[in-house]
Protein chains: 2
Amino acid sequence: MAQSDTVDRILDAAEELFAERGFSETSLRMITSKAKVNLAAVNYHFGSKNALIHAVFARFLTPFSSTLETAFNNLEERCDGQPPTLNQTLWALTESAVRMPQRNEKGISIFMRLLGLAYTQSQGHLRKFLEQEYSQPFSRFMRLLKESTPQLSAVDRYWRIQFMLGATAFTMSSSDALRDILQNKLGVETTVQEIAARLVPFLAAGMQAEDPLLMMPTFGKTSVA
Amino acid sequence: MAQSDTVDRILDAAEELFAERGFSETSLRMITSKAKVNLAAVNYHFGSKNALIHAVFARFLTPFSSTLETAFNNLEERCDGQPPTLNQTLWALTESAVRMPQRNEKGISIFMRLLGLAYTQSQGHLRKFLEQEYSQPFSRFMRLLKESTPQLSAVDRYWRIQFMLGATAFTMSSSDALRDILQNKLGVETTVQEIAARLVPFLAAGMQAEDPLLMMPTFGKTSVA
DNA sequence: GTCTGTTTCAAACATACGTTTGATAGTTGA
DNA sequence: TCAACTATCAAACGTATGTTTGAAACAGAC
């Protein structure tokens, strides 16, 4: 056949293995044997392992960033010139992620875990790739966040955004494990949608906390300006 | 000399390289050449690379967990039978981390980044090692958190603790990079102490947010019980 | 000084990795 | 039917990894 499914089989296998083991810890031989294709197929179709990593991200990040764009458009339209509230901004992002068409039932957790890995694993080439390919929706989200939290100083906002990213990336990146633990400990089933529903108010409350430096106890030497 | 400093030189180099590159991405040859010792020294003194990773963690986790123990003792003494507040519990942990005696100026960020990596990189042996060596202070912190947030259901508390861990581990694991960015963008200097001072109120506010499931918009199909 | 145990060192080992090769099969368009 | 192109495959390549070896250097005790 003209357009073989080898490419997709490789992407599926790579996506899953990367998500559960990380990039350096996943070899091309694991990927190709899981995908039931020849070892050389990766280099033939993608060129290199790094290019395969990029392709895995591009496959879900490209549709996601356009979904996100329309979500942000809708939000700004609904707000009619007014800045959106923090909750609205966060929900726009969350719903876009949760609503993404998924290839299988594990789709959303893999998606999240890969995003978390992208931040965490210090793969220079990946960060560069993501920055130059997807900087636009990212900046737009940042701008919306800024409008949603006019009471924060730039420095406060900066750090709190990092805290939000951390809570999100970490939780989602290990959501499978965390769900299993909860299932065993308390016998509770949890969906990714539910995790998101718990995460957003947590983040919103954190973003809107009182002035951070007021409630700090004095350290040995207080180095706060 | 009877007790050579080779062991410490290896630990110093390994700690720094692990922190900035991750475990799989750091080879024994990088470590030994940075430490200026022979390649075989690692296997001679530690037995294996994994054992070296464990030793790196043990070197700062063991004193830290005893610092933590006294901090928790003090806290419970001060509270005199009453459960501590959430802010007190979080500060007890934070101050212990910040006050740890450090080998050098980079000590605290390396410490934090390694903790973040321990969570993030799915090194099975590491997780097992940490669980069986340091489960006690961890459980104690969890118990204090539980007493500090009696208003939360077990499930809510579970997820919010994960969110806290994520925000902390992620921020700390990339604190150097984040500080640099802030320095370049806004010309602001930041200490680790200051990051902690911003993080704690963020976490406390998130933990004490309103009932999460109330403010969720309806998804396509609402899967929340 | 010699013996004993410990530590260092250069070299090699076996294995795993990403990548390349060259032959073979399959498909397409004239 | 034949040529041109594309895709697959087994095999090999070069390199890097963690680990082991056996000899050399060093230490302290007698």
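Just the heavy atoms: all of them, side chains too, but no hydrogens, waters or symmetry mates, feed the values below.
- If you measure from atom NE2 of H125(A) to atom P of dG18(C), you get 12 Å, rounded to the nearest angstrom.
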Can you check nucleotides 13-18 of chain D for protein contacts, nitrogen or oxygen pairs under 3.5 Å, and list what you find?
from    : atom 1 : to     : atom 2 : distance (Å)
dT17(D) : OP1    : S27(B) : OG     : 3.2
dG18(D) : OP1    : K49(B) : NZ     : 2.8
dG18(D) : OP2    : L28(B) : N      : 2.8
dG18(D) : N7     : R29(B) : NH1    : 2.9
dG18(D) : O6     : R29(B) : NH2    : 2.9

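- Residue Y44(A) contributes atom OH, which lies 13 Å from atom C1' of dC9(D) at whole-angstrom precision.
- Separating the CG atom of D5(A) from the P atom of dT8(D) is a distance of 8 Å, rounded to the nearest angstrom.
- Distance F46(A) CZ to dG18(C) P: 15 Å, rounded to the nearest Å.
- Dashed line: the shortest gap from a side-chain N or O of T6(B) to OP1 or OP2 of dT8(C) is under 4.0 Å.
- Under the rule for a side chain to side chain contact (heavy atoms under 4.5 Å, CB included), the partners of Q88(B) that lie at least two apart in sequence or sit in another chain are L75(B), C79(B), P84(B), T85(B).
- For N38(B) and dT7(C), the shortest distance from a side-chain N or O to OP1 or OP2 is not below 4.0 Å.
- Not counting sequence neighbours, the partners of S27(A) by the side chain to side chain contact (heavy atoms under 4.5 Å, CB included) test are R29(A), M30(A).
- Counting only residues at least two apart or on different chains, no salt bridge (charged side-chain N to carboxylate O under 4.0 Å, His left out) pair has a member in residues 37-54 of chain B.
- Look at CD1 on I53(A): it is 9 Å from P on dG18(C), rounded to the nearest Å.
- Proximity of T6(B) to N38(B): side-chain heavy atoms (C-beta onward) are nowhere separated by under 4.5 Å.
- Here S96(B) pairs with nothing under the side-chain hydrogen bond (donor to acceptor under 3.5 Å, both in side chains) rule; sequence neighbours left out.
- Atom pair H45(A):NE2 and dT19(C):P shows a separation of 15 Å (rounding to whole Å applied).
- For K34(A), the salt bridge (charged side-chain N to carboxylate O under 4.0 Å, His left out) test picks out E16(A), with sequence neighbours left out.
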